[in-house]
Number of protein chains: 2
Amino acid sequence: MTTTPTPTRKDAARNRSLLLAAAEDLFRDAGLDVTLKDVARHAGVGVGTVYRHFPTKDDLVAALFAQQLEAEIERARKSVEAGDSWEALVDYLKESMRLQSSNRGLRALMCPAGSVFDSVRECKAVVNPLIDQLVKSAHAQGTLRPDCTSRDIALLQVGLVGIMDATPEDPNAYRRHLALFLDGVRV
Amino acid sequence: MTTTPTPTRKDAARNRSLLLAAAEDLFRDAGLDVTLKDVARHAGVGVGTVYRHFPTKDDLVAALFAQQLEAEIERARKSVEAGDSWEALVDYLKESMRLQSSNRGLRALMCPAGSVFDSVRECKAVVNPLIDQLVKSAHAQGTLRPDCTSRDIALLQVGLVGIMDATPEDPNAYRRHLALFLDGVRV
DNA sequence: GCAGAAACGGAACGGTCGGTCCACATCAGG
DNA sequence: CCTGATGTGGACCGACCGTTCCGTTTCTGC
């Protein structure tokens with residue numbers, strides 16, 4: 001898990017961008033199992049070039065999703081700062097799940113199996129307390145069932161990801177489940 | 001997907017049993033990704049012997065889970081025949097999910113990805129109409145939210161499987177989500 | 001435009017998987 | 001027993017993956 005410096009040479013910088021763009025496309029649509037040979041071909045470069053820029057596949061994945069993980073943290077923070085607790089919790093869930101539904105790679109990353117990545121573990125370590133806070137606020141406000149814990153919310157997210165993975169033909173199928181669940185835990 | 005006849009010779013019959021037992025153990029605990037070499041070693045035989053009894057890995061899987069799929073159908077049928085519609089639906093879900101939670105291989109088989117198996121597709125083709133019926137009955141009885149469809153129930157199951165896969169350290173974690181969801185769709 | 005550093009591309013490596021093959025062991029009927 | 005049919009085991013095959021290596025190409029500072 002090495003941090004790769006941005007290259008100085010013009011062609012190298014260009015290829016790095018091409019690689020990240022190709023990886024983003026492929027990982028988004030086909031998940032993290034995509035071959036690095038595919039990424040290289042899609043970017044119009046050789047495999048060797050991939051490994052020059054990213055020592056391992058994990059490094060490529062980490063570099064690619066670093067920004068999205070940051071966004072996930074930011075999203076949770078924004079929701080915590082919002083006023084209405086129920087709406088804040090729901091908005092966070094909707095937005096977080098919407099992004100995961102449109103990105104198969106991100107989904108694989110956020111699942112427990114993806115915790116082999118330091119960056120993912122760090123992200124969760126930051127986000128989880130924020131969700132705790134969202135849940136506590138909603139409890140205090142009396143808009144969330146008192147026995148609904150932040151672990152319940154975490155498992156809800158896991159379940160929704162399972163639904164997304166199972167319904168690639170209907171990327172919005174998960175919304176139905178989310179809505180029904182929320183109906184059950186409100187007030 | 002060939003049907004393998006039960007062998008006549010004594011040693012062959014014994015090895016077949018050993019293989020099925022080993023496969024059951026390994027698939028239950030570690031999922032369908034277990035290597036056939038592992039199955040062979042666990043059974044104390046060579047790989048060649050595996051392929052004599054089961055021409056492909058899929059044949060082994062199909063032979064192993066045929067009985068469990070039958071049981072799944074029987075479970076659904078029983079629930080349809082039961083009187084109380086809400087209880088029937090809930091009992092079916094609880095029992096079906098309990099079995100899947102205790103068997104990682106069965107879980108992989110019942111997920112959409114497992115539908116490459118004819119036997120699984122057949123099982124679903126039989127079970128789905130039965131679930132339709134359970135849902136319809138509950139609607140008629142007025143114990144299930146009118147807008148909760150059998151597809152919602154199917155997605156609930158998919159979500160629960162996702163939770164099970166994500167919480168191997170707590171095989172009962174899914175029950176919490178099931179309970180909360182059911183609270184939301186009752187009456 | 002030249003020289004050397006930097007980057008490139010893709011053949012090749014080591015590992016794993018499902019599956020095949022065949023010399024050898026084992027069983028069952030006469 | 002003994003003999004032929006049946007079953008066995010594990011070396012081996014081909015495909016695929018992440019990764020390495022190195023001869024060749026491309027860039028950059030002078």
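These values consider heavy atoms only, across backbone and side chains, with no hydrogens, waters or symmetry-generated copies.
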Checklist line | Which residue lies more 5' along DNA chain D, comparing A:Lys37 with A:Gly48 via nearest heavy atoms | finding: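 On the 5' side of the pair lies A:Lys37.
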Next item on the list: Check every strand shown and say whether A:Thr35 touches a base, only sugar-phosphate, or nothing at a heavy-atom separation below 4.0 Å.
Entry: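 Sugar-phosphate contact only - A:Thr35 comes under 4.0 Å of backbone atoms but never of a base.
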Notebook entry, point to check: Would you say the side chain of A:Arg52 and the base of C:dA7 hold a donor-acceptor pair, judged only by whether the two atoms sit under 3.5 Å apart?
Noted result: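 Under the 3.5 Å cut-off, the side chain and the base do not form any donor-acceptor pair.
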Notebook entry, point to check: Does any N or O donor sit under 3.5 Å from an N or O acceptor when you compare the side chain of A:Arg9 with the base of D:dT28?
Noted result: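 Not at all, since no donor on one side and acceptor on the other fall under 3.5 Å apart.
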Quick one: which of [options] gets closest to the side chain of [X]?
| X | options | value |
| --- | --- | --- |
| B:Tyr51 | D:dC27, C:dG18, D:dT20 | C:dG18 |
| A:Val47 | D:dT19, D:dT28, C:dC27 | D:dT19 |
| B:Asp11 | C:dG9, C:dG18, D:dG7 | D:dG7 |
| A:Lys57 | C:dG18, D:dG18, C:dA6 | D:dG18 |

Checklist line | salt bridge (Lys or Arg N to Asp or Glu O under 4.0 Å) between B:Glu81 and B:Lys78, intermediate numbers included | finding: CA-CA 5 Å; B:Glu81 290 166 4; B:Lys78 277 263 166 56; over 6 Å; no
Note to self: Closest-nucleotide mapping onto DNA chain C: is B:Lys10 or A:Val45 further toward the 5' terminus? I mean the 5' end.
What the structure shows: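 Its nearest nucleotide being more 5', the pick is A:Val45.
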Phosphate OP1/OP2 of [N] contacted by [X] side-chain N/O (<4.0 Å):
| X | N | answer |
| --- | --- | --- |
| A:His53 | C:dA7 | no |
| A:Asn15 | C:dC8 | yes |
| B:Thr49 | D:dG9 | yes |

Item checked: Option from B:Val185, B:Val135, B:Leu89, B:Leu156 for which side-chain contact (heavy atoms from CB on, under 4.5 Å) with B:Cys148 holds ->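 Of the listed options, the one satisfying the test is B:Val185.
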Rounded to whole angstrom units, what separation is found between the [atom1] atom of [X] and the [atom2] atom of [N]?
| X | N | atom1 | atom2 | result |
| --- | --- | --- | --- | --- |
| A:Arg16 | C:dC8 | CZ | P | 11 Å |
| A:Leu60 | D:dT19 | CG | P | 10 Å |
| A:Asp59 | D:dT20 | CG | C1' | 15 Å |

Checklist line | A:Lys124 side-chain N/O to A:Met110 backbone N/O, donor-acceptor pair under 3.5 Å | finding: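 A pair under 3.5 Å: yes.
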Next item on the list: Please assess B:Val161 against B:Val158 for the test side-chain contact (heavy atoms from CB on, under 4.5 Å), listing each intermediate value before the final yes or no.
Entry: CA-CA 5 Å; B:Val161 166; B:Val158 170; 5.7 Å; no
Item checked: Working for salt bridge (Lys or Arg N to Asp or Glu O under 4.0 Å), residues A:Lys94 and A:Asp91 -> CA-CA 5 Å; A:Lys94 279 187 180 170; A:Asp91 281 354; 5.5 Å; no
